[in-house]
A.B. asks: 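This is the structure, below, for whatever I ask next.
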Amino acid sequence: MGILVQKITNRPCTTAPPPDKSNVNDDEIFDEDEEKVGYSAARLNAAIADLVHAQGLTFDLTETACFHRVIRLAKFAPPNYKPPKRKLAAGRLLTANHDDYMRRMYDQLALQAYTYGLCLPGDGSTVKHMPLVNVLAAGVHEPAGVLEIAECTGHIESGDKKDARFIDDIFLKHMAKIDPTKKLIDCVFFDGASSVKKAGAILRVTYPRATALHGAEDVATLFFKDISKLAPIKYQFSVIVLCIACLDQALCTGPMPFLRNTQDPSTAAVTLVYCVLLTRVWWGASWQCIVIFVLKAPCMILLRGATSFLSR
Amino acid sequence: VKSFKDPIDTIQDKKEWRRIFYLLQATFPALIVLRLADGNKPAMDKLYYFVQRTTETLELAVEYLNDFDLFP
């Protein structure tokens with residue numbers, strides 16, 4: 001092992017007697033002023049930590065395979081090696097890296113695709129007012145490959161929508177590239193939005209082997225979102241929110257101190273209020289809130305019993 | 001105390017409870033669908049069944065939901 005380490009790093013083995021310093025060329029580490037500073041594990045660790053902290057990188061960077069590769073290759077770099085400039089890293093090297101990634105991903109997707117098929121999940125999203133369409137691909141050897149994150153600002157600017165036809169065009173471009181014979185892709189997967197659902201149906205016709213799937217939870221949530229926007233139901237929500245808020249007030253801090261120790265209904269009421277407040281995010285919760293409201297009707301009857309007291 | 005009057009009227013209003021009842025009656029199977037899809041258990045058979053139930057319940061509830069006396 002010692003010989004192996006010595007061979008790889010060309011560094012004297014720890015079991016060997018300490019060498020003459022004048023013969024050690026491997027520890028010739030130079031600083032920015034081209035002064036010989038030598039090797040120090042503590043100094044190297046501090047430099048890596050400084051890199052992570054100063055550049056705001058994630059702490060697990062030091063455990064990533066990419067970083068280990070950099071360190072491994074850096075060991076063999078000559079003293080006059082200069083790292084690439086930022087323009088090079090953001091230009092040619094980025095393009096080369098992207099091409100390499102795409103080539104490897106297409107290779108992985110093609111592996112055993114005839115046996116196991118390919119799945120193309122996709123979704124439309126808007127990030128900071130930027131309309132995007134994500135096109136992913138999954139195979140047996142590539143669980144999540146990013147084919148494209150298409151930016152649709154130009155399309156939207158021209159007055160069009162991110163409709164089914166547009167999404168189809170983006171997907172078909174990649175599907176034709178991956179599977180020109182229409183024998184590999186057997187699944188396209190979208191969320192519950194109507195535009196992508198329709199796009200899935202069109203893709204299913206274009207690629208007869210493919211099945212279009214949708215996220216069931218998203219479909220159900222969108223159903224509740226749509227019906228929650230209707231005026232009578234919106235009114236009903238506001239009434240129930242008011243009732244729950246008052247019920248909570250009555251049970252916890254209201255004019256019925258003997259109910260203050262009744263933990264269960266008051267806790268339920270507080271939960272309900274927060275539940276309704278959260279419905280701005282998740283619409284199905286508001287309907288579940290109504291169910292709990294009805295189930296907790298005994299509390300309301302208690303409140304009704306207090307009406308005579310309040311009306312006095 | 002005065003702020004309690006409106007909710008109490010609401011609670012005592014039988015029409016209000018009927019509205020809530022019909023809304024829940026129409027959407028309860030859909031809520032079960034949502035819970036099934038939301039859960040972390042395989043439930044495709046139940047999901048299919050409750051989707052059918054949702055369709056049937058909505059069809060039955062059309063008469064009540066279109067009642068302008070209840071839902072003006």
Side-chain angles (χ1 to χ4, degrees), chain A residues 192 213-228 230-250 254-256 282-295 297 299-312, chain B residues 1-55 57-59 61-72:
Chain A
L213 299 176
H214 318 291
E217 185 191 355
D218 199 41
V219 173
T221 310
L222 286 173
F223 167 75
F224 282 108
K225 182 183 175 181
D226 289 344
I227 60 173
S228 300
L230 300 172
I233 294 174
K234 208 187 272 184
Y235 165 75
Q236 207 64 39
F237 275 168
S238 61
V239 167
I240 288 172
V241 169
L242 189 64
C243 288
I244 290 167
C246 292
L247 172 71
D248 177 42
Q249 197 181 357
M256 292 182 283
W282 192 54
W283 292 90
S286 53
W287 289 87
Q288 295 198 356
C289 174
I290 299 175
V291 175
I292 301 168
F293 175 77
V294 174
L295 291 176
C299 304
M300 309 305 291
I301 293 164
L302 279 174
L303 196 63
R304 282 175 71 178
T307 50
S308 55
F309 169 77
L310 293 169
S311 57
R312 263 185 261 166
Chain B
V1 175
K2 279 183 183 176
S3 65
F4 274 85
K5 284 195 173 174
D6 283 343
I8 286 166
D9 290 343
T10 310
I11 291 163
Q12 288 182 329
D13 188 2
K14 286 185 180 174
K15 217 175 190 179
E16 204 70 44
W17 286 100
R18 275 177 63 204
R19 277 191 209 125
I20 292 172
F21 176 74
Y22 288 133
L23 277 178
L24 284 182
Q25 199 183 36
T27 56
F28 198 73
L31 267 178
I32 297 173
V33 169
L34 183 62
R35 292 303 296 266
L36 287 173
D38 193 14
N40 202 15
K41 289 178 183 172
M44 186 51 83
D45 48 348
K46 288 183 193 171
L47 200 65
Y48 189 75
Y49 170 71
F50 279 106
V51 168
Q52 296 275 4
R53 283 281 303 273
T54 307
T55 312
T57 320
L58 285 174
E59 282 170 3
V62 166
E63 188 186 339
Y64 302 114
L65 294 178
N66 284 336
D67 188 351
F68 280 97
D69 290 336
L70 271 178
F71 299 101

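These numbers were taken from a predicted model, which means no experiment stands behind them. Below, chains carry the letters A, B, ... as their sequence lines are ordered, and counting in each starts from 1.
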A.B. asks: Contact part of B:Leu47 toward chain A, heavy-atom cut-off under 4.5 Å: side chain, backbone, both or neither?
C.D. replies: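 For B:Leu47, the contact with chain A is made by the side chain alone.
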A.B. asks: To the nearest 0.5 angstrom, please state how far the CD1 atom of A:Ile227 sits from the CG atom of B:Leu58.
C.D. replies: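 It comes to 7.5 Å.
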A.B. asks: What's the spacing between B:Leu31 CG and A:Phe224 CZ if we round to 0.5 Å?
C.D. replies: 4.0 Å
